[in-house]
Amino acid sequence: MAKPRKRRLLSKLKPRKQSKFERKMGKAPGTITYMGKREDSESVVNIMEYNQDELNTSNPSDINSIVAHRDPPLTSWVDIIGLADENFIELVGKRFGLNSLVMEDIVDTTQRPKIDEYDDYLFGVFKMLYIDEETSEIVYEHVALVLLENCVLVFQELEDDVFSGVRNRVKNQSGRIRTRGADYLFFALLDAIVDNYFVVLEYLNHRIETLDELVYQNPTQEIVQDIQDLKKQVLKVRRWISPVRELVGRLIDSENPLITKDTKVFLRDILDHSLEINESLQIYREMSMSLMEMYMSNMSNKMNEVMKVLTIMASIFIPLTFIAGIYGMNFDHMPELHWEHGYLMVWIIMIVLFIGMMVYFKRKNWL
Amino acid sequence: MAKPRKRRLLSKLKPRKQSKFERKMGKAPGTITYMGKREDSESVVNIMEYNQDELNTSNPSDINSIVAHRDPPLTSWVDIIGLADENFIELVGKRFGLNSLVMEDIVDTTQRPKIDEYDDYLFGVFKMLYIDEETSEIVYEHVALVLLENCVLVFQELEDDVFSGVRNRVKNQSGRIRTRGADYLFFALLDAIVDNYFVVLEYLNHRIETLDELVYQNPTQEIVQDIQDLKKQVLKVRRWISPVRELVGRLIDSENPLITKDTKVFLRDILDHSLEINESLQIYREMSMSLMEMYMSNMSNKMNEVMKVLTIMASIFIPLTFIAGIYGMNFDHMPELHWEHGYLMVWIIMIVLFIGMMVYFKRKNWL
Amino acid sequence: MAKPRKRRLLSKLKPRKQSKFERKMGKAPGTITYMGKREDSESVVNIMEYNQDELNTSNPSDINSIVAHRDPPLTSWVDIIGLADENFIELVGKRFGLNSLVMEDIVDTTQRPKIDEYDDYLFGVFKMLYIDEETSEIVYEHVALVLLENCVLVFQELEDDVFSGVRNRVKNQSGRIRTRGADYLFFALLDAIVDNYFVVLEYLNHRIETLDELVYQNPTQEIVQDIQDLKKQVLKVRRWISPVRELVGRLIDSENPLITKDTKVFLRDILDHSLEINESLQIYREMSMSLMEMYMSNMSNKMNEVMKVLTIMASIFIPLTFIAGIYGMNFDHMPELHWEHGYLMVWIIMIVLFIGMMVYFKRKNWL
Amino acid sequence: MAKPRKRRLLSKLKPRKQSKFERKMGKAPGTITYMGKREDSESVVNIMEYNQDELNTSNPSDINSIVAHRDPPLTSWVDIIGLADENFIELVGKRFGLNSLVMEDIVDTTQRPKIDEYDDYLFGVFKMLYIDEETSEIVYEHVALVLLENCVLVFQELEDDVFSGVRNRVKNQSGRIRTRGADYLFFALLDAIVDNYFVVLEYLNHRIETLDELVYQNPTQEIVQDIQDLKKQVLKVRRWISPVRELVGRLIDSENPLITKDTKVFLRDILDHSLEINESLQIYREMSMSLMEMYMSNMSNKMNEVMKVLTIMASIFIPLTFIAGIYGMNFDHMPELHWEHGYLMVWIIMIVLFIGMMVYFKRKNWL
Amino acid sequence: MAKPRKRRLLSKLKPRKQSKFERKMGKAPGTITYMGKREDSESVVNIMEYNQDELNTSNPSDINSIVAHRDPPLTSWVDIIGLADENFIELVGKRFGLNSLVMEDIVDTTQRPKIDEYDDYLFGVFKMLYIDEETSEIVYEHVALVLLENCVLVFQELEDDVFSGVRNRVKNQSGRIRTRGADYLFFALLDAIVDNYFVVLEYLNHRIETLDELVYQNPTQEIVQDIQDLKKQVLKVRRWISPVRELVGRLIDSENPLITKDTKVFLRDILDHSLEINESLQIYREMSMSLMEMYMSNMSNKMNEVMKVLTIMASIFIPLTFIAGIYGMNFDHMPELHWEHGYLMVWIIMIVLFIGMMVYFKRKNWL
């Protein structure tokens, strides 16, 4: 039974293109395969090295010069922008002694958020979420952070402004960032990512409120699509954001010497924020379900109204038309037709019937 | 497909104002930024210092005089009302040696409930919930408590009466409050906050019961909006109240020397209350879903009734009208028209039909 | 938008009376405030003291005489009936060295089930559930048990028969109760409470089965209310019963010397019963949801039937009436009217149409 | 409000018979009360004693002769069939030194599955599930197993064939059963019980598939009842089967010397099966919910179809009838009536209208 | 009540064939019974033996020759294809010292995914999922892996290409596979299985997107069946895939010396992928529920539209037809009939009524 039916739909399935996943299959784990969409972007390297007194910035084009820059007493922030050049990434990875699995994840833009601890470094993948100002849609950016002893490596696809606040604090010596080590920088970057999530939450909240009004004023099928689209957005955002809570929690509990106890106090703050974000997403989820319920009840309300109008019109005029039909018959012997006041009486009967119906519907609260 | 549709709604999104979150972004963690709405309120300080025999109250206007007041053998209750003056809060924080993250949370009125333990103090954020007597709505107030060795700091936006019971007990030497230390005061304040949650629960319960009656008597679309509004209220209240359970539980399990074993017995009581509150909220949630179900079933019931009236009227009179129509035709040769009792016979047929239909509908239980 | 709508309902909220909770607010924790409804009942004390050979019963009216009765080698069962007399309860509490929080919970009839361990006693609050024979409704009774070294204190509002089985076993020396200590008595009382829950479950089961039949036979709006009422009952019962599982589990795991290893074997039996009760409640919950689903499907079924009757009647007679209408027109030149068999032909056309429609609806399975 | 409504239903509640639970109430825990339905069945005892070389079977009628048969070097399988004879069960229990709570559970056919460890024996209650070949319904049989040092006691209500496979293996010396001790026998019996659950799962699966087809072909109200009945079946089966997973898991983790390490490897296999069973039941649950959804969507689809037929018929013929009605009026001055081609023109107008409507509905995809 | 109804359906149940489960019942645990569908396939053995420098492949037909090939310094990959020959499987099992339960699971193609640790080997069952290119359906293949000290045994039903990538890497010495031991081979095979799951997820995603479009364009009953079919697919896939997460997690935590620390780093990567897969499946589940909701809302939207057309047509023309009916009556005394402009006036009245109705419906937004 089910089989022939299913076939019909399956024939409607558009042919799928060979996906990136399929291209990657069969390759050895640890093979560096860029999975993003910006395939011809070049990699750019920005380096900031600082301690409390000093600050050097550079844009080395030679990969080996990155190495030369590394100087223990300074904290280095190495920013690699553009992940499509797999060879370059591999060179960077080798220079800093990264595992091949780590390098695979750095360029795998579909990788879910994670934090892995290795012997002498800590590797994290996160998603930056933006609202695209033009299209008002949520944009996902892949970012990978590596915390080494005196150095933080940042791998990202685009040079964007989520980290610009941190960059300014380093440059302007504002806050405590210049007085602390690489682990604080790692925290500060993570904090910048998480802080931006709140903007996305506000956007979702704004959309829910807008839909909440529209669903009363003008519940169209379009609204349903928007509600469902909103639900999907919440699901997707949750997918990228919700693992952060557990990851940061694990980081706080870990014994890793790369994270100092002072920085853990700050990580607790991020943990707190990610708890709040998860709660908000849960609430948005329930509110989008409420929107759907409201839509459905509104719909059935409207249907009721339509049916009442039909029922009232039909119930009133069908009997009256019947009466008129009676005296439209052509029988030879219909005494009423010849009564002097026959016509008047019919009118009276019909008006009485009409008023009776109106009273009945009034009592039923249908009018 | 989905894209062009989505665009249309997005264009309906009202322009969002730049939010407080966006203003805060890019700033260093630990930056003190007031997030509430009472931006021009001034900070007032009330101090009570007491032990079993002595009680001093003061309203120092100078921040340094607060310091002078601190005297170990007395328990101090320092009440700071009004959080908009960020400089003042920073001064207070510095005086008592609070971490900058703590100070950030004190003025962040959007902060979710939390308890953080630091080396020599304990920091908690809670929400006080009121019913606004005028508008009958739930009002949320941010409150931050700091437990130091002989001192409890209270940061709140408004001077309100949740703590007045505690204040009176201190003044009147009633209960055991004067004989115990700062940790008991901390507990007593927390207890006052949690006790007030029950009033909010009663208000919610009262609304549910009111809706429960209305949904039977007069199920309008307005009711749906009220039910959904109630659901949102329950969600929000749950958000602010439910973390308390876990926080207090953690406090009881903690080894912190600031909390004595005697006070933990009392904290268990709060834990118990917060368990009860969470259960109630869960039940309210399920009951608001029941309300919606009842509304929907009531709606479909009404629809059924409307349709029955229509069907009965139409089913009875449409065939009768048809018969009348037959004998309204103008054919030259229609023998029935000339029968002596033709008219009477038609009436008889119609009445029989009418009665037949009535019996049929009666049997179907539609009348 | 939402605001003006909400106001309207809020104005319908009946004024709330000042609740017991509000009266209790601001009082110190540990204040003994009776929260039940039987405010003018007096407290009565029944004492049974027994060991394997001996049995003494007494009804001391003087609180101090209770003390005199306490004699280590005997196990005492002190039954205090009526909780409204707060002073008396306080006296009892002081005599047995109970914490003020315990005494507060003893008279707080809204307290959820709990077991608290103190240094030399164990305190438990439970709910006894009955079916009121007259109204067939579920009645909740508050009961507090205190297990001391050789004594069990029972605080209850009414003298009722849940414990009468235990009382008889003590009197008749049946079972092992007379050979065991106070902890076995404590268990036996708890067992009597839990056994009674099964009667309530049977009542709920009986109601579900009754509704299950009614929902098919005669699905009225009244049924919906009953289903929803049932759901509320299940929620309430679950609230009072479900904590028992965890409480007893904790008791079994506890190291408390008041509970002997022998008695723990019996407590495991209660644990087992409470697991079973929780499972049953879960099933009842799902079954009441099924009832609602069945109601809704039945409703939409009925609607379908109503619509089919309407559609069939209208689809058959509206075209026929149209044909009759055609030949009721008064044009000067209508040749059919003058045909000899015109009238007959119209009848034939109409009958063919009628049969055609019937066949069509038959094929569609609408008849 | 709610009260008077509720009363009405409650009056419809049929009087409940006094239940077995109520008869049991007030009795001491450990009282042996048979709770099953085969109240006049007699107990029969079958004994098999075996080791690798020897096999003795007997049907002792005297309870004391059971004892005589017990001989350490042999493994005994004592099968007691028929549980209604409470005295006999008590004798058996005493002979093997079973706790009174254990004996209570042996005859309590309503007992949920459990495994309790005692000092020198292990007690388990399980449910055997069958498909009754005649009625195609699921039948539940209560079975209690006791594992002693060299002996397994089996208590069951009926002699049935779930264990016949094990019996044959013992008789035919097939497999490893004869070479192993009592714990392997215990496992083999449990394995036979769990294996039989798969047959019940297949039956449920078969019913779901049958309903899945019917719900498309002929969605009647009867189907809804069957779907709901299926849901209840799944709930009940889950109730009896799902505890097995946890029980076996606990057995594997336990340190009990009665279970050898070799046998634990086999118990892991049962654990695995019970995991699989639980997953299947979860899937059946979701599939029965899907069935209901499909029914509802099918229903609303049918309603749509009915309404379309009505709307099309009414929309086409009501305007046409109106036109016919116009020219059926008897005004003295109606010029059209006297036009030579008036009648023809009216027909043309009506046919044009008819075609127009058809095109309109065609475009709307209603035809 | 419920009983006679249920019977009717049960009679519709097609007779079930005796299932494989029933055939297996009563047999001893550890009996090797092939449960798959390819019952007459022969077993083929492919062996690859390699270390960093050497690579031997062979297809021994004699089972004892397999043994001869085993040489410690080389890593052996023994691939057994075709599981129907139970005797052959038993021989292999005995040769490598596998437990009889393991051999039972190797040929039990219905076995759920599992990993069992034995003293000197590790046994795992997994499901390979493919998209059948022709039918576009998901195909499940059973595969069993055994990790011995220097050897991995692979048991599968068909020789297929999931492992061909691994085979090539071994042959071409690409990646690190030739430099590592049997545990890395075990991981590489598991990784190949899990990587293939992503292709299945993409297929599911593609189907959801296709349905998402269709549900707007053309919501037919067929779509409902497809949505429900999709839900079932997601359920089934989840069943086979989701245990992998827990299994791999346990493997990482285990102390088994067969898995080296280096390989555990790679297993963490699989763990990560299986987490991602589970999240995706959860999202697909929610999206298929959304699809159903959209369908239902679309359906009720369409119903509303149908009803509006009916109501508008009926409400406009029924009153007009009534008016025409009035002046079709044949009373002797109907003054209007004789007025000179009577006919015109009726037309004017009818046109005014028509316009009034149109305005009314326009205002109601029904047009």
Side-chain angles (χ1 to χ4, degrees), chain B residues 135-136 164-165 168-169 174-177 188 191-192 195-196 198-199 202-203 206-207 210-211 214 216 222 225-226 229 265-266 268-269 272 275-276 279 283 286-287 290 293-294 296-298 300-301 303-304 307-308 310-311 314-315 318-319 321-322 325-326 328-334 366, chain C residues 2 5-10 12-14 16 19 21-22 24-31 99 101 111-112 114 116 221 224-225 228 231-232 235-236 239 292 295-296 299-300 302-303 306-307 309-310 313-314 317-318 320-321 324-325 327-330 334 336-343 346:
Chain B
T135 63
S136 284
S164 64
N168 289 337
R169 264 146 52 204
S174 79
R176 63 183 76 71
I177 197 160
D191 188 60
D195 267 5
N196 212 38
F198 285 100
V199 178
E202 281 217 329
Y203 164 75
H206 185 59
R207 269 188 75 181
T210 309
L211 281 168
L214 285 174
Y216 286 117
E222 208 187 354
Q225 299 174 4
D226 283 315
D229 186 70
V265 173
F266 289 96
R268 272 205 322 219
D269 204 52
D272 205 62
L275 272 171
E276 194 178 335
E279 275 173 3
I283 287 180
E286 303 215 15
M287 276 163 85
S290 278
E293 270 184 15
M294 282 194 283
M296 289 308 277
S297 77
N298 210 334
S300 93
N301 235 21
M303 178 82 101
N304 250 2
M307 296 309 298
K308 272 185 199 165
L310 173 61
T311 300
S315 300
I318 286 177
T321 302
F322 163 67
I326 291 286
M329 293 194 294
N330 300 318
F331 283 99
D332 290 356
H333 307 283
M334 290 180 67
W366 290 5
Chain C
R5 287 191 318 247
K6 192 164 50 191
R7 288 287 169 280
R8 272 179 273 166
L9 172 82
L10 287 174
K12 286 176 194 158
L13 281 174
K14 286 179 262 162
R16 275 181 315 125
S19 71
F21 286 111
E22 282 164 311
K24 200 179 173 181
M25 283 193 52
K27 293 194 188 172
T31 307
N99 188 313
L101 284 172
Q111 174 64 43
R112 71 189 283 277
K114 74 169 185 183
D116 281 346
Q221 184 62 10
V224 177
Q225 298 173 5
Q228 299 295 346
K231 274 168 80 174
K232 268 187 246 167
L235 280 176
K236 274 188 200 161
R239 182 177 195 177
M292 202 64 210
Y295 176 84
M296 289 308 277
M299 216 64 216
S300 93
K302 296 220 152 170
M303 177 84 101
V306 170
M307 295 311 298
V309 169
L310 173 60
M313 293 306 281
F317 287 103
I318 286 177
L320 300 185
T321 304
Y327 297 104
M329 292 195 293
N330 299 318
M334 291 179 68
E336 299 96 318
L337 294 181
H338 311 300
W339 293 353
E340 198 181 344
H341 301 292
Y343 182 50
V346 164

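Predicted model, so just to flag it, every value in this text is computed and none were measured. Every chain is numbered from 1, with letters handed out A, B, ... down the list of sequences.
- In plain terms, the two heavy atoms of B:Ile283 and C:Leu235 that are nearest each other are CD1-O, 4.1 Å.
- Ion pairing between a basic and an acidic side chain is recognised when a charged N comes within 4.0 Å of a carboxylate O; C:Arg239 and B:Glu279 show such pairing.
- Both the backbone and the side chain of C:Gln221 come within contact range of chain B, with heavy atoms under 4.5 Å apart.
- Only the side chain of B:Asp191 comes within contact range of chain C, judged by heavy atoms closer than 4.5 Å.
- Within 6.0 Å of the NE2 atom in C:His341, the count of heavy atoms belonging to other residues, nucleotides or ligands does not exceed 12.
- Contacts of C:Lys114 classified as salt bridge (Lys or Arg N to Asp or Glu O under 4.0 Å), with partners at least two apart in sequence or in another chain: B:Asp269, B:Asp272, C:Asp105, C:Asp116.
- Only the backbone of C:Met329 comes within contact range of chain B, with heavy atoms under 4.5 Å apart.
- With values rounded to the nearest 0.5 angstrom, B:Ser297 atom OG is found 4.0 Å from C:Met292 atom CE.
- Two residues are said to be in side-chain contact when any heavy atoms from C-beta on lie closer than 4.5 Å; C:Met303 and B:Ser300 fail this criterion.
- Every residue two or more places apart in sequence or in another chain that forms a salt bridge (Lys or Arg N to Asp or Glu O under 4.0 Å) with B:Glu293 is listed here: C:Lys231.
- Ranking C:Gln228, C:Gln111, C:Met334, C:Lys302 against chain B, the residue ahead of the rest is C:Gln228, based on heavy-atom pairs under 4.5 Å.
- Rounding to the nearest 0.5 Å places CD of C:Gln225 at 7.5 Å from CG of B:Asn298.
- At least one side-chain heavy atom of B:Asn330 sits less than 4.5 Å from a side-chain heavy atom of C:Asn330.
- Note on B:Ile177, B:Thr321, B:Leu275: by heavy-atom pairs under 4.5 Å with chain C, the leading option is B:Leu275.
- Taking B:Glu286, B:Met287, B:Lys308 one by one and counting their heavy-atom pairs under 4.5 Å with chain C, the maximum is reached by B:Glu286.
- The heavy-atom pair separating B:Ser315 from C:Val309 by the smallest distance is OG-CG1, 3.9 Å.
- The candidate with the highest count of non-hydrogen atom pairs below 4.5 Å against chain C, out of B:Gly325, B:Ser164, B:Ala314, B:Ala188, is B:Gly325.
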Exercise. Determine, stepwise, if the pair B:His333 / C:Tyr343 fulfils side chain to side chain contact (heavy atoms under 4.5 Å, CB included).
Key: CA-CA 7 Å; B:His333 307 283; C:Tyr343 182 50; 5.6 Å; no
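- Smallest separation of non-hydrogen atoms from B:Phe331 and C:Gly342: CE2-C, 3.5 Å.
- Proximity to chain B (any heavy atom under 4.5 Å) is shown, for C:Leu320, by both the backbone and the side chain.
- For C:Tyr295 against B:Asn301, the heavy-atom pair with the smallest separation is OH-OD1, 3.2 Å.
- In this structure, the portions of C:Met299 lying under 4.5 Å from any heavy atom of chain B include both its backbone and its side chain.
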